[in-house]
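Below: the structure, in structure tokens.
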2 protein chains.
Amino acid sequence: MIKFSLCPRYEIAFELLGKKWTGLIIRSLLDGPKRFSALSEIIPHMSAKVLADRFKELERLGIIVRNVYPETPVRIEYCLTEKGKALQPALDEIQKWAENWITLDPP
Amino acid sequence: MIKFSLCPRYEIAFELLGKKWTGLIIRSLLDGPKRFSALSEIIPHMSAKVLADRFKELERLGIIVRNVYPETPVRIEYCLTEKGKALQPALDEIQKWAENWITLDPP
DNA sequence: ATTATATGTTACATAAAGTAACTAGATTAT
DNA sequence: ATAATCTAGTTACTTTATGTAACATATAAT
């Protein structure tokens, strides 16, 4: 009997996207480079601790780069790489799905 | 100043996909209905506890249905709804991204 | 020296996931 | 009748991930 199994690359992709906040961080950065404080405002329920963790992991995986501008006060921007930008079609499809199938609770 | 913010439906979509194992479970079910033990074999590192939790949540969200066949021994199948099947394009794009950008460690 | 600002870090608390043993209900074997 | 088997979970307990709020560091302006 042939056993169905998942693609290992797909599994690795979901080690990333299957973590809380990651999909929101990357989508925010598709809009353009952003700094730490800006991301914190865009995703207010995410703690600074987790944002720092995610930035480190995304940088390690080559999905974002950290750019330091020694102004005053210092400005640090996080920017998607080609690998990161290449996630846009996938995240756009999730957006489409959400618009078609998610109903918001009435306020 | 206009503040960039994320689509609430997209955020809800990632409350789902941003949980460990969810993306793998749904992708497996796109292949056809499957039972508890089959999923456990397809995703061997996932515990039965979490699989039971995910099945309950996915059913609550209307993404899967649980079908009971009173054979002997009992057979229970989990099957994607239209809402669940509609995730296929998104997961296919993640698959494409993974094939283009994820390199596997050499064995 | 004091203040201000951005970018984080740290210590501690709670929630989520992992592990391994166990349960329930329905056959089937002894 | 009792024990063994099978699927589909559950339970008690441990470990990991995330949340919270206070603190640290670097730079420059006052």
Side-chain angles (χ1 to χ4, degrees), chain A residues 1 3-4 6 11-26 28-29 32-61 63-80, chain B residues 1 3-4 6 11-26 28-29 32-61 63-80:
Chain A
M1 171 187 175
K3 200 171 137 189
F4 178 81
L6 289 163
E11 292 187 3
I12 290 171
F14 261 103
E15 284 176 23
L16 178 70
L17 294 172
K19 277 186 181 169
K20 201 165 176 182
W21 306 119
T22 306
L24 305 191
I25 293 168
I26 296 174
S28 299
L29 292 178
K34 303 241 174 319
R35 46 211 297 197
F36 196 98
S37 53
L39 261 294
S40 290
E41 285 169 24
I42 291 166
I43 313 172
H45 296 316
M46 176 183 54
S47 68
K49 175 171 177 272
V50 175
L51 180 54
D53 284 353
R54 290 295 180 277
F55 274 154
K56 282 175 196 159
E57 188 184 13
L58 292 170
E59 196 183 10
R60 181 177 61 78
L61 295 172
I63 287 172
I64 63 174
V65 272
R66 181 179 188 271
N67 291 319
V68 181
Y69 301 94
E71 303 170 354
T72 175
V74 67
R75 180 165 59 97
I76 293 170
E77 280 191 348
Y78 294 90
C79 178
L80 290 174
Chain B
M1 172 183 175
K3 198 170 138 191
F4 179 81
L6 289 163
E11 292 187 2
I12 290 170
F14 262 102
E15 283 176 24
L16 178 69
L17 296 172
K19 276 185 181 169
K20 202 166 177 180
W21 307 120
T22 306
L24 306 189
I25 293 169
I26 296 174
S28 300
L29 293 178
K34 302 240 173 320
R35 46 210 299 197
F36 195 98
S37 53
L39 261 295
S40 290
E41 285 169 21
I42 291 168
I43 313 174
H45 297 316
M46 176 183 55
S47 68
K49 176 175 176 268
V50 174
L51 180 54
D53 284 353
R54 290 296 179 276
F55 275 154
K56 282 176 195 158
E57 188 184 11
L58 291 170
E59 195 183 12
R60 182 176 60 79
L61 295 173
I63 286 172
I64 64 174
V65 234
R66 180 180 188 271
N67 291 320
V68 180
Y69 301 95
E71 302 170 357
T72 175
V74 65
R75 179 165 59 97
I76 293 171
E77 281 189 347
Y78 294 90
C79 178
L80 290 173

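Numbers restart at 1 for each chain; the letters A, B, ... are given by sequence-line order, proteins then strands.
Counting only heavy atoms from C-beta on, A:Lys19 has its side chain closest to D:dT18 among D:dT18, C:dA6, D:dT10. Of the listed nucleotides (C:dG8, C:dT9, D:dA8), D:dA8 has the atom at the smallest distance from the side chain of B:Ile76.
At a threshold of 4.5 Å between non-hydrogen side-chain atoms, the residues B:Arg66 and B:Val68 count as touching. You'll find the side chain of B:Ile76 stays beyond 4.5 Å of the side chain of B:Asn67, heavy atoms only. B:Leu16 is listed as a side-chain neighbour of B:Ile63, based on a closest heavy-atom distance under 4.5 Å. Taking 4.5 Å as the limit, every side-chain heavy atom of B:Ile25 sits out of range of all side-chain heavy atoms of B:Tyr78. Two residues are said to be in side-chain contact when any heavy atoms from C-beta on lie closer than 4.5 Å; B:Trp21 and B:Ile43 meet this criterion.
Residue A:Arg75 places none of its side-chain N or O atoms closer than 4.0 Å to OP1 or OP2 of C:dA6. For A:Arg66, a side-chain nitrogen or oxygen approaches OP1 or OP2 of C:dG8 to under 4.0 Å. For D:dT10, the OP1/OP2 oxygens have a side-chain nitrogen or oxygen of B:Lys56 closer than 4.0 Å. Of the side-chain N and O atoms in A:Tyr78, none sit less than 4.0 angstrom from OP1 or OP2 of C:dA6. At the phosphate of C:dA6, neither OP1 nor OP2 sits under 4.0 Å from any side-chain N or O atom of A:Arg35. When the side-chain nitrogen and oxygen atoms of A:Lys20 are compared with OP1 and OP2 of C:dA17, none of them lie within a distance under 4.0 Å.
Where A:Phe55 and B:Trp21 each meet DNA chain C at their nearest nucleotide, the meeting point lying more 5' is that of A:Phe55.
Atoms CG (A:Asp53) and C1' (C:dG8) sit 11 Å apart, rounded to a whole Å. Between A:Asn67 atom CG and C:dT7 atom C1' the separation is 15 Å, expressed in whole Å. For B:Ile43 and C:dA17, the CD1 to P distance is 14 Å, given to the nearest whole Å. For B:Lys34 and D:dT7, the NZ to P distance is 17 Å, given to the nearest whole Å. Atoms CG (A:Leu51) and C1' (D:dA17) sit 16 Å apart, rounded to a whole Å. The separation between B:Met46 atom CE and C:dA17 atom C1' is 12 Å, rounded to whole Å. Atoms CD (A:Glu59) and C1' (C:dT7) sit 14 Å apart, rounded to a whole Å. The nearest whole Å value for the distance from the CD atom in B:Glu15 to the C1' atom in C:dA16 is 15 Å.
Here the straight-line distance linking atom OG1 of A:Thr22 with atom CZ of B:Phe14 works out to 8.0 Å at 0.5 Å rounding. To the nearest 0.5 Å, the span separating CG on B:Leu24 from CG on B:Leu29 amounts to 11.0 Å.
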Which protein N or O atoms sit under 3.5 Å from an N or O of nucleotides 20-30 of chain D?
{"from": "D:dA28", "atom 1": "O4'", "to": "A:Thr72", "atom 2": "OG1", "distance (Å)": "3.4"}

